[in-house]
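Just below is one structure, and these are the notes that go with it.
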Amino acid sequence: MPLILQERVSLKSLNTFGVDGRAAWFARAHSVEDLACLRADARLRDLPWLVLGGGSNVLPVGDIEAVVVQVAIPGVADAGRDGAARLVRVGAGEPWAALVERLVADGRPGLENLALIPGLAGAAPIQNIGAYGLELAERLHAVTVWHAADAGLRELPVHDCGFGYRDSVFKRDRSGARIVVGLTLRLPDPWQAVTGYAELERELAARGCVQPGPSDIFDTVCTLRRRKLPDPARLGNAGSFFKNPVVDRARHAELIERFPSMVSYPLAGGRYKLGAAWMIEACGLRGYTRGRAAVFEGQALVLVNRGGASGADILALARDVQERVRHKFGVTLEPEVCIVGAQHPAQALLAD
Ligand SMILES: Cc1cc2nc3c(=O)[nH]c(=O)nc-3n(C[C@H](O)[C@H](O)[C@H](O)COP(=O)(O)OP(=O)(O)OC[C@H]3O[C@@H](n4cnc5c(N)ncnc54)[C@H](O)[C@@H]3O)c2cc1C
């Protein structure tokens, strides 16, 4: 596929919020050679890079004075075994949801709890995607990274990726200098169901599924997700806008004393994850609308574009929500979505 470099390109169809904004330059890279070509292009020499997958976890605010590069490298191939796991190599440009469906369907299960998450495979390690009791890090062997500085490829083992809750070394480095070009998945063989997540467990029980197989979990997760999350094709959104805040034991005890019905989950090491959706709802913000931007009625963690909102409108709503939660609970909600703007990559538009 030819490498096409375009100037002043609208990002509207390239982010699931559906907000407008122009990229100074845009290109779709189908190979590492394409990345090297772009790096060598004299017209782009002094500009920062913004790497994009499916745009389902970004909020563009205004125009982006950067080279926006969508990594569209394809490929799915078996890569042998490592102990009790089969390894599968995947190109960064593979659409994640289709990949999970295909692997379950052709007898290579392990990712079914992460079904129907939008975006491309290359972005999955950026925030260590997670859902229904499973995080990507638990199914990853290594990440293949292309380094802009020397156009070299490096294989980063999973334990060097700094994975945490919606976090990784890649998410912390927004310079565009390290680009994920592929993943090596580690799928346990023999397979074991991951069913500890309460909502999933309840739904499986309601279906009479006592010993669920991979397809049962895949179907159930898809049903649950379709029930509670808005389809970005109909209502612009990027899934959960904020992360669930994590606090220590003392802070948790203080909050529970003041707000006994607060939703929280114990974590290892005596820390607690607080239910951000519960806090937003407790501020009376479910369905809250500000111009063309709103807190989704069905799930308060999701901010939506009701049609015609700009990135700045969504950001203003996010700041408003953040401020009200901070005022009521003394807790700062940190965005899960990557906010990208004119100042890219040095932006901290919604940081603490
Ligand atoms: C309806 C909906 C539901 C969602 N549910 C979940 C969920 O359950 N769990 C969850 O974890 N997330 C969820 N998300 C968020 C999102 O789908 C994931 O974070 C996904 O992995 C983002 O993929 P993307 O290709 O769209 O990335 P983008 O939005 O394009 O990019 C996200 C970030 O990754 C960087 N990036 C992208 N590709 C690369 C690359 N190849 N190399 C280096 N950096 C890169 C970008 O610069 C950006 O900072 C949801 C989103 C929506 C819209």
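If you're wondering where the values come from, they're calculated on a predicted model, not measured in any experiment. Indexing begins at 1, ligand by ligand and atom by atom, following the structure's order.
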Do me a favour and list the nearest non-hydrogen protein atom to [atom] with residue, atom name and distance?
atom                    : value
atom 24 (P) of ligand 1 : Gly54 N, 3.3 Å
atom 31 (O) of ligand 1 : Val58 CG1, 3.9 Å
atom 21 (O) of ligand 1 : Ile129 CG2, 3.2 Å
atom 13 (C) of ligand 1 : Ile117 CG2, 3.8 Å
atom 23 (O) of ligand 1 : Ala123 CB, 3.3 Å
atom 29 (O) of ligand 1 : Asn57 N, 2.7 Å

Polar contact flag, side-chain donor to acceptor under 3.5 angstrom, [X]-[Y]:
X      : Y      : answer
Tyr288 : Arg324 : yes
Asp20  : Ser10  : yes
Arg166 : Ser240 : no

Do [Y] and [X] meet the salt-bridge criterion of a basic N to acidic O distance under 4.0 Å?
X      : Y      : answer
Arg202 : Glu199 : no
Asp41  : Arg39  : no
Arg8   : Glu65  : yes

Under-4.0 Å heavy-atom contact with ligand 1, by part of [X] that carries it:
X      : result
Asn237 : both
Pro118 : both
Lys171 : neither

Look only at interatomic distance and state if [X] has a nitrogen or oxygen under 3.5 Å from any nitrogen or oxygen of ligand 1.
X      : result
Gly53  : yes
Ser56  : yes
Asn128 : no
Leu52  : no
Gln127 : yes

Where Ala85 and Arg186 come nearest, the two heavy atoms and their spacing:
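That would be CB-NH1, 3.5 Å.
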Mind listing the closest non-hydrogen atom pair of Ala300 and Val295 along with its distance?
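In terms of heavy atoms, the two residues are closest at O-CG1, 3.4 Å.
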In terms of hydrophobic clusters joined by side-chain contacts under 4.5 Å, are Val51 and Val145 together?
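They do not share one cluster, since no chain of ILVMFWY contacts under 4.5 Å joins Val51 to Val145.
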Could you tell me if the ring centre of Phe259 sits under 6.0 Å from that of Phe329?
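When the ring centroids of Phe259 and Phe329 are compared, they turn out to be within the sub-6.0 Å range.
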Residue [X] vicinity, atoms of ligand 1 by number, heavy atom under 4.0 Å:
X      : value
Gly55  : 24 (P), 26 (O), 28 (P), 29 (O), 30 (O)
Gly130 : 7 (C), 8 (O), 9 (N), 10 (C), 11 (O)
Ala131 : 8 (O)
Arg166 : 11 (O)
Cys338 : 33 (C), 48 (C), 49 (O)
Val180 : 40 (C), 41 (N), 42 (N), 43 (C)
Gly119 : 23 (O), 24 (P), 25 (O), 26 (O)

Heavy-atom nearest neighbour of atom 34 (O) of ligand 1 within options Ile126, Val51, Leu134, Leu50:
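Selected option, by shortest heavy-atom distance: Ile126.
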So between Gly239, Ser240, Pro230, whose heavy atom ends up nearest atom 2 (C) of ligand 1?
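Among Gly239, Ser240, Pro230, the closest heavy atom to atom 2 (C) of ligand 1 belongs to Gly239.
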With a cut-off of 6.0 Å (strictly less than), are more than 12 heavy atoms of other residues, nucleotides or ligands near CZ of Arg306?
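Not more than 12 within 6.0 Å, no.
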Count the heavy atoms of every other residue, nucleotide or ligand shown that sit under 6.0 Å from CD of Glu101, and state whether that count exceeds 12.
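For Glu101, atom CD is not crowded (no more than 12 foreign heavy atoms under 6.0 Å).
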Aromatic plane relationship, Tyr197 with Tyr132 - under 30° parallel, 30 to 60° tilted, over 60° perpendicular
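It falls in the perpendicular class, over 60°.
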Is the shortest side-chain heavy-atom distance between Arg43 and Trp25 below 4.5 Å?
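Yes, close enough: below the 4.5 Å cut-off.
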contact_flag Arg225 ligand 1 heavy-atom lt 4.0 Å
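Yes, Arg225 has heavy atoms under 4.0 Å from ligand 1.
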